[in-house]
Amino acid sequence: MHVAVLNYRLRLFGIASLKEKRSLLKKLINEIRTKFNVSICETGKNDSKTWSELGVAIVSSAKDVLDSMIEDITTLIESTQGLEIVEVERESW
C-alpha cells in the first residue's frame with residue numbers, strides 16, 4: 001500500500017468575495033473528489049480572497065498509479081481558470 005499527502009498553495013485571481021472563492025474551490029474540490037476518489041479539502045487561508053491551500057490524501061496499491069494520479073490532479077488544478085499553483089508539498093510512504 002502506498003500513501004501520498006499533498007498540500008497545494010494556490011493564488012486566486014479575479015475573486016471579489018469569499019463567497020465567490022468558496023464557489024470556485026467547491027466546484028474544483030468536488031470535481032477532483034469525483035474523478036479521482038481521493039480525500040481533499042481546503043486546509044488553509046480560509047479568510048483570504050487571494051490565497052488558498054488545498055490538502056489531498058491518496059491511497060493506492062501501486063506506486064506508479066499513485067504518481068500518475070498526483071500528476072493528473074496537479075494538471076487539473078493548473079488548468080482551472082482563475083488560479084495558479086504557487087507551491088506543492090508532497091509526502092509519500
Worksheet entry | Worked verdict on L28 versus L83 for side-chain contact (heavy atoms from CB on, under 4.5 Å) | CA-CA 11 Å; L28 176 62; L83 59 85; 4.0 Å; yes
Worksheet item: Between S52 and Y8, does any side-chain donor sit less than 3.5 Å from a side-chain acceptor?
Response: no
Worksheet item: Distance from K35 atom NZ to E31 atom CD, nearest 0.5 Å?
Response: 6.5 Å
Response to the item:
Across all chains, not counting sequence neighbours, the salt bridge (Lys or Arg N to Asp or Glu O under 4.0 Å) partners of R33 are none
Practice prompt. Determine the minimum heavy-atom distance between E20 and A16, stating which atoms define it.
Written response: OE1-N, 3.2 Å
Worksheet item: So if you build clusters from Ile, Leu, Val, Met, Phe, Trp, Tyr with side-chain heavy-atom gaps below 4.5 Å, do I85 and F36 land together?
Response: yes
Fill in: Close side-chain approach of V5 to V56, heavy-atom, < 4.5 Å
no
Worksheet item: Do you know which of L54, V38, I40 makes side chain to side chain contact (heavy atoms under 4.5 Å, CB included) with I73?
Response: V38
Discussion item. Please determine whether residues L25 and L76 belong to a single hydrophobic cluster, defined as Ile, Leu, Val, Met, Phe, Trp and Tyr linked transitively by side-chain heavy-atom distances below 4.5 Å.
Written reply: yes
Item to complete: Please tell me if the side chains of K49 and K21 come closer than 4.5 Å, counting only heavy atoms from C-beta onward.
Response: no
Practice prompt. Kindly compute the distance separating CZ (R90) from CG (N7), expressed to the nearest 0.5 Å.
Written response: 14.0 Å
Discussion item. Is it true that, when you exclude E87 itself, more than 12 heavy atoms of the residues, nucleotides or ligands shown sit nearer than 6.0 Å to its CD?
Written reply: yes
Discussion item. Are L6 and T74 packed together at the side-chain level, in the sense that at least one heavy-atom pair is separated by less than 4.5 angstrom?
Written reply: no
Worksheet item: Linking I/L/V/M/F/W/Y whenever their side-chain heavy atoms sit closer than 4.5 Å, directly or via other members, would W93 and V59 fall into one cluster?
Response: yes
Fill in: Same cluster (ILVMFWY, side-chain, under 4.5 Å), I70 and V88
yes
Discussion item. For A62, give me all partners under side chain to side chain contact (heavy atoms under 4.5 Å, CB included), at least two apart in sequence or on another chain.
Written reply: D64, V65
Worksheet item: Between S23 (side chain) and K19 (backbone), is there a donor-acceptor pair under 3.5 Å?
Response: no
Worksheet item: Among I77, D72, T80, N37, which residue meets the side chain to side chain contact (heavy atoms under 4.5 Å, CB included) test with I32?
Response: I77
Worksheet item: Do I58 and H2 touch side chain to side chain, with heavy atoms closer than 4.5 Å?
Response: no
Practice prompt. Taking all heavy atoms of E42 and all of I29, pick out the closest pair and write down the distance.
Written response: N-CD1, 4.0 Å
Worksheet entry | Exercise: identify the closest heavy-atom pair between T34 and N30 | OG1-O, 2.8 Å
